[in-house]
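This report refers to the structure that appears directly beneath it.
Proteins come first, then strands; the chains are lettered A, B, ... in the order of their sequence lines, and each starts at number 1. The shown structure was predicted, so the numbers you read here are calculated from the model rather than taken from an experiment.
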Number of protein chains: 2
Amino acid sequence: MKPFVVTSEPNGHFCDDCAVRGAAVCSSLNAAELREFEHLGRRVHFGSGETVFSEEDITTSFYNVLEGVMRLYKLLPDGRRQIVGFALPGDFLGMNLSGRHNFSADAIGEVNVCQFPKAPFGRFIEDRPQLLRRINELAIRELSQARDHMVLLGRRSADEKVATFLLGWRERLVALKGPSDMVALPMSRQDIADYLGLTIETVSRTFTKLERLGVIEIIHGGISLLDPARVEAMAAA
Amino acid sequence: MKPFVVTSEPNGHFCDDCAVRGAAVCSSLNAAELREFEHLGRRVHFGSGETVFSEEDITTSFYNVLEGVMRLYKLLPDGRRQIVGFALPGDFLGMNLSGRHNFSADAIGEVNVCQFPKAPFGRFIEDRPQLLRRINELAIRELSQARDHMVLLGRRSADEKVATFLLGWRERLVALKGPSDMVALPMSRQDIADYLGLTIETVSRTFTKLERLGVIEIIHGGISLLDPARVEAMAAA
DNA sequence: GCAGCCGATTGACCCAGATCAAATTTGAGC
DNA sequence: GCTCAAATTTGATCTGGGTCAATCGGCTGC
């Protein structure tokens, strides 16, 4: 785990060409504030599989995902893993009350983040209620998603879980990259299983089943949604 | 569902004798602000089983639980239910982005809440970053609990779920009412099952099993923790 | 006190999804 | 292209917890 700063100008004006400027926490800042804000953070790169932070680590930074996908997860002492979410560009990570991260995060594929040391970030927020409000919005949105996911984990069948996952993931990609029936799945089957509270075998079998039904096609690095309506029907059931 | 205002003086100085003043959102307000704040809300009572708000209802109010217990849940179209949490005194309900509640809430036993109409509350927050910060803290705390619960729902066995629930619930009661090995369980077995992603039969069998092992005693309206350490061992396993 | 009801418990059986065990495919390094 | 390792798929079997079906027990109202 040896992250390195990407930009050649450590504190340069990199917000200008930041793809997530309009969507992330930054969207609450005006041009002058953004200029000041960018001096707080630095762009950092993580290679595939690298850990950005671990559960129980003291929180020293907040992170704004710029590019790539991260898995956010918790481990039980015996190694069982539950993925509590996937982070995509625009997601903001690191908020907590205890002073420690309450989940681990690692890169799925190449990831770039904007990293803000905790203390200066906290001071910056202090007199900018707009930014605090924005962060609160993000927390509330995540809370709502977390509750939806509890319903999935506690009350849905394997078929419903997989169908719901495919639709939800597609929706996030659509919001990010525009409409498409090709759904890229950068995470492994094990990641999907640990997200849905299933085993890798069940996920694999369910994918195969969906393919045999003709509603998806399994392609390299993802799936193609052949019959979104049927998948929606399976998810709702 | 016919809630009625409890206090005889609709906008009286009821914060003075409010049991949760120090713990709830209100803890972020000074005396003068509290005086102003109490004019925004009114104490409302709900009888056992009454619904405080429903999923998909337009949010018209925020709620601060004063007394009693509420179940917070989501329903699938076919009636399956997932309880996403239990609200206790000091909990703050109603935050959302969509303008609609994203879960339903009803009273388990008699409940008193402090109800704040959305618009004036929003205006009050506007120039009180302290209150916003407090609400943000509560949201982040809930988010952390939600993630813990995802781990439970997705990766723990029935025994672990029940043991974890008993310990977690006891901890909340202890924080509220002081230490005791008597754990009051005002919610039904069905509520517990829907919280843990189990059936009522499995919950019942697990309780009986714990009792036969001598680690708990099932008493009327709750359980007595005879051997907390063994229960903790079961929860961790 | 007792009839009726509702929640909780208990028992018998079943099945969705886990586990165990091979293939098979994919990909990275040479 | 070839080799090896890792990821995925597929098959066979098992089981934790669900489902179905009686009781049981404790209130409520008469």
Legend entry - Nearest-Å distance for atom pair CD1/P, residues Ile219(B) and dG26(D): 14 Å
Legend entry - Sidechain N-carboxylate O distance under 4.0 Å for Asp194(B), Arg155(A): yes
Inset, instruction - Run the salt-bridge test on Glu142(B) and Arg147(B) with the 4.0 Å N-O cut-off and return the result as yes or no. - result: no
Inset, instruction - Could you go through the ring-ring contact (aromatic ring centres under 6.0 Å, His included) check for Tyr73(A) and Tyr195(A) one step at a time? - result: CA-CA 8 Å; Tyr73(A) 61 96; Tyr195(A) 181 58; over 10 Å; no
Inset, instruction - Rounded to the nearest angstrom, tell me the gap between atom CZ in Arg189(B) and atom P in dT10(C). - result: 10 Å
Inset, instruction - Please determine if a side-chain N or O atom of Thr199(A) lies less than 4.0 Å away from the OP1 or OP2 oxygen of dA18(C). - result: yes
Legend entry - Ser157(B) side chain, from C-beta outward: closest of dG17(C), dT9(C), dG17(D): dG17(D)
Inset, instruction - Would you kindly give the CD1-to-P distance between Ile223(B) and dT9(C), to the nearest whole Å? - result: 12 Å
Inset, instruction - Tell me whether the OP1 or OP2 atom of dG17(D) has a side-chain N or O from Arg205(B) closer than 4.0 Å. - result: no
Inset, instruction - Round to a whole Å and report the spacing from CD1 of Ile200(A) to C1' of dT24(C). - result: 14 Å
Inset, instruction - Determine: side-chain N/O of Thr202(B) to OP1/OP2 of dG18(D), distance under 4.0 Å, yes or no. - result: yes
Inset, instruction - Using whole Å, report how far CG of Leu196(B) lies from C1' of dG16(D). - result: 15 Å
Inset, instruction - Mind checking Gly197(A) for me? I need base, sugar-phosphate or nothing, with any heavy atom below 4.0 Å counting as a touch. - result: sugar-phosphate
Legend entry - Phosphate OP1/OP2 of dG27(C): any His220(A) side-chain N/O under 4.0 Å: yes
Inset, instruction - Starting from C1' on dA7(D), measure out to CD1 on Ile192(A) and report it in whole angstrom. - result: 12 Å
Legend entry - Along DNA chain D (nearest heavy atom to each residue), the more 5'-positioned of Ser188(A) and Arg155(A): Ser188(A)
Inset, instruction - Using whole Å, report how far CG of Leu153(B) lies from P of dG17(D). - result: 13 Å
Legend entry - Residue-phosphate contact under 4.0 Å: Thr208(B) side-chain N/O, dT10(C) OP1/OP2: yes
Inset, instruction - Rounded to the nearest angstrom, tell me the gap between atom CD in Glu201(B) and atom P in dG17(D). - result: 14 Å
Inset, instruction - Indicate yes or no: does Arg80(B) engage Glu160(A) in a salt bridge with an N to O separation below 4.0 Å. - result: yes
Inset, instruction - State, yes or no, whether a side-chain contact exists between Glu55(A) and Ser104(A) at a heavy-atom distance under 4.5 Å. - result: yes
